[in-house]
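Presented below is the structure to which this report refers.
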Amino acid sequence: SRVWKLPVNDMNVVCSELEDSGSCNLLIDGLTAVIDVEIGPDGLLYVVEYDENSWLAPFIFQEFSGTVSAYDLDGELIKEATGLQLPSAITFDKKGNLWLLEKNIYAPTVRILDPGEFVEITEL
């Protein structure tokens, strides 16, 4: 999966790596399966994705898992929360809390994703 960055007023845009994408700019590449995206009150882009085996998990009797990652608007990974149980959607409330829908298929749960669950990413 990929996340593309488009100019504000563009309409009817097709983003493709195979042909000229005009005003499309590839922001984030190499994601597994993007489920949801939101801009947080901190100005970061939050991306919810399933981990590599999560689409197959029910067939191979494995735990569903996923990640919420936060990127700056240049596509640099800033922080992430991993090992989430089938994350499906996120939203932010007026206080800036990140609400997460987990286990949507078998036991839907909505909870605040604690800031302590995020790991800051530092360059080596």
Side-chain angles (χ1 to χ4, degrees):
S1 291
R2 298 176 178 97
V3 176
W4 297 84
K5 186 175 184 178
L6 307 172
V8 175
N9 294 319
D10 274 15
M11 297 186 339
N12 302 319
V13 176
V14 175
C15 299
S16 171
E17 289 185 356
L18 301 177
E19 54 189 71
D20 182 23
S21 291
S23 58
C24 291
N25 293 310
L26 183 60
L27 185 65
I28 305 166
D29 194 12
L31 302 172
T32 302
V34 173
I35 305 303
D36 194 9
V37 295
E38 295 284 336
I39 299 285
D42 54 5
L44 297 176
L45 174 68
Y46 288 79
V47 178
V48 181
E49 67 176 316
Y50 290 156
D51 291 342
E52 194 170 293
N53 291 330
S54 288
W55 288 109
L56 296 174
F59 304 106
I60 58 175
F61 305 104
Q62 190 176 26
E63 182 84 19
F64 291 98
S65 62
T67 302
V68 175
S69 303
Y71 296 85
D72 66 18
L73 297 184
D74 292 322
E76 182 180 338
L77 180 61
I78 303 299
K79 60 185 178 178
E80 63 185 0
T82 61
L84 305 172
Q85 296 181 353
L86 194 62
S88 300
I90 58 172
T91 192
F92 292 89
D93 64 22
K94 292 179 182 179
K95 295 180 181 178
N97 295 311
L98 189 159
W99 288 84
L100 170 68
L101 170 62
E102 283 186 296
K103 305 180 236 175
N104 194 27
I105 293 176
Y106 57 92
T109 304
V110 176
R111 68 179 180 93
I112 291 177
L113 188 59
D114 187 284
E117 293 182 67
F118 280 95
V119 174
E120 298 287 329
I121 306 301
T122 57
E123 288 189 36
L124 299 176

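Keep in mind that the numbers below use all heavy atoms, side chains included, and drop hydrogens, waters and symmetry copies.
T91 places no side-chain N or O within 3.5 Å of a backbone atom of A89 that could act as its donor or acceptor partner.
Judged by distance alone, the side chains of T32 and D51 never bring a donor and an acceptor atom under 3.5 Å apart.
The structure places CG of L100 at 11.0 Å from CD1 of I112, a figure rounded to the nearest 0.5 Å. In this structure, the separation between CD1 on I35 and CD1 on I90 is 11.5 Å, given to the nearest 0.5 Å. If you take NZ on K79 and OG on S69, they are separated by 11.0 Å, rounding to the nearest 0.5 Å. Interatomic distance, CG of D29 versus CH2 of W4, reported as 8.0 Å (0.5 Å rounding). In this structure, the separation between CD on E76 and CD1 on I121 is 10.0 Å, given to the nearest 0.5 Å. Atoms CD and CG, on E120 and L77 in that order, are 10.0 Å from each other to the nearest 0.5 Å.
In this structure, F118 is a member of the same hydrophobic cluster as F92, with clusters built from ILVMFWY side-chain heavy atoms closer than 4.5 Å.
Across V13 and D10, no two heavy atoms sit closer than the pair CG2-CB, 3.6 Å. Contact record, L27 with D74: CD1-C, 3.5 Å, taken as the closest heavy-atom pair.
For the pair D36 and S88, the minimum side-chain heavy-atom distance is 4.5 Å or more. Within the 4.5 Å cutoff, side-chain heavy atoms of L31 are placed close to those of V3. Side-chain contact between V68 and E117: absent, with no pair of heavy atoms (C-beta onward) separated by less than 4.5 Å. You'll find the side chain of L6 reaches within 4.5 Å of the side chain of C15, heavy atoms only.
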Verify side-chain contact (heavy atoms from CB on, under 4.5 Å) between L84 and L113, making sure each step is shown before the conclusion. CA-CA 10 Å; L84 305 172; L113 188 59; 4.0 Å; yes
Just distance, no hydrogens or angles: give the donor-acceptor pairs under 3.5 Å from side chains in residues 38-48, sequence neighbours left out.
unit_1 : atom_1 : unit_2 : atom_2 : d
D42    : OD1    : L44    : N      : 3.1
D42    : OD2    : Y46    : OH     : 2.6

